[in-house]
Amino acid sequence: MAKKVLIIATSPRRNGNSSRLAQEFEKGALSNGNDVEIVYLDDKKINFCKGCMACATLKKCVIDDDANMIVEKMKNSDVIVWATPVYYYNMSGQMKTMIDRSNSLYGSNNKFRDIYLLACAAENHPSAIEGTIAGLKGWIACHGGTKLKGVIKGLGVYEVGAIENKPQLNEAFEMGKNV
């Protein structure tokens, strides 16, 4: 049965390494008949959460920017894929801001259950991405019945295009194919 897959590419570089992983995941998921959309945050206006907690009552954020549209897409997706560069051993600020702005999903009847992470780091050591995984798991823990289904670690990739000859591109395709 086809799934609705939302890929949130959080890199400020549209054609950066984590975005390339997102594109390969998309190709794989499409090849298996899924409905897939990539949302790139690089051209979206997304303000910081103000901590007002109005979203807990309203079930949407009072800040009028692109985050509300993305949160609505998240709510109605079966699968959410986060693609991020790793900065200082953690997710990008863009990803963290989007996670914070999705607070209205807490306690809602969300469709999503499966979460994937595609992360790229300049560092070669596998532990470089552990902070990103831990941060994402914190968000996942707030959504009952949701779990981290897979992680791709693009390590040792700094310059744009460094991922091109790495096996992680094929791994992203295969992971997408098997959502």
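Residue numbers run from 1 in the order of the sequence given. All values reported here derive from a predicted model rather than from experimental measurement.
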### Task
Indicate yes or no: at least one non-hydrogen side-chain atom of Ile115 is less than 4.5 angstrom from one of Leu136.
yes
### Message
Do Trp139 and Ser102 have side chains that approach each other closer than 4.5 Å (heavy atoms only, starting at C-beta)?
### Response
yes
### Exceeds 12 heavy-atom contacts within 6.0 angstrom, atom NZ of Lys44
yes
### Message
Surrounding NZ of Lys111 (heavy atoms of other residues, nucleotides or ligands, distance under 6.0 Å), is the total greater than 12?
### Response
yes
### Message
Would you say that Lys73 contacts Glu37 through its side chain, given a criterion of any heavy-atom pair below 4.5 Å between the two side chains?
### Response
yes
#### Entry: Residues Ser19 and Ser11: side-chain donor-acceptor under 3.5 angstrom
no
### Polar contact flag, side-chain donor to acceptor under 3.5 angstrom, Glu123-Tyr89
yes
### Message
For Asn165, is the CG atom crowded, meaning more than 12 foreign heavy atoms sit under 6.0 Å from it?
### Response
no
### Message
With rounding to the nearest 0.5 angstrom, report the OG to CE distance, Ser104 to Met74.
### Response
8.5 Å
### Query
Is Asp78 salt-bridged to Lys4, cutoff N-O under 4.0 Å?
no
### Query
Ring centres of Phe112 and Trp82 under 6.0 Å apart?
no
### Message
For Met91, run the side chain to side chain contact (heavy atoms under 4.5 Å, CB included) check against Ile99, Leu117, Thr10 and tell me which one passes.
### Response
Ile99
### Task
Check for a donor-acceptor pair, side chain of Asn76 on one end and backbone N or O of Glu72 on the other, with a separation under 3.5 Å.
yes
### Message
Is there a continuous path of hydrophobic side-chain contacts, each under 4.5 Å between heavy atoms, that joins Tyr40 to Leu30?
### Response
yes
### Phe173 ring center near Phe25 ring center (under 6.0 Å)
no
### Query
Does a side-chain heavy-atom distance below 4.5 Å link Val81 with Leu118?
yes
### Under 3.5 Å donor-acceptor, Asp66 side chain and Ile46 backbone
no
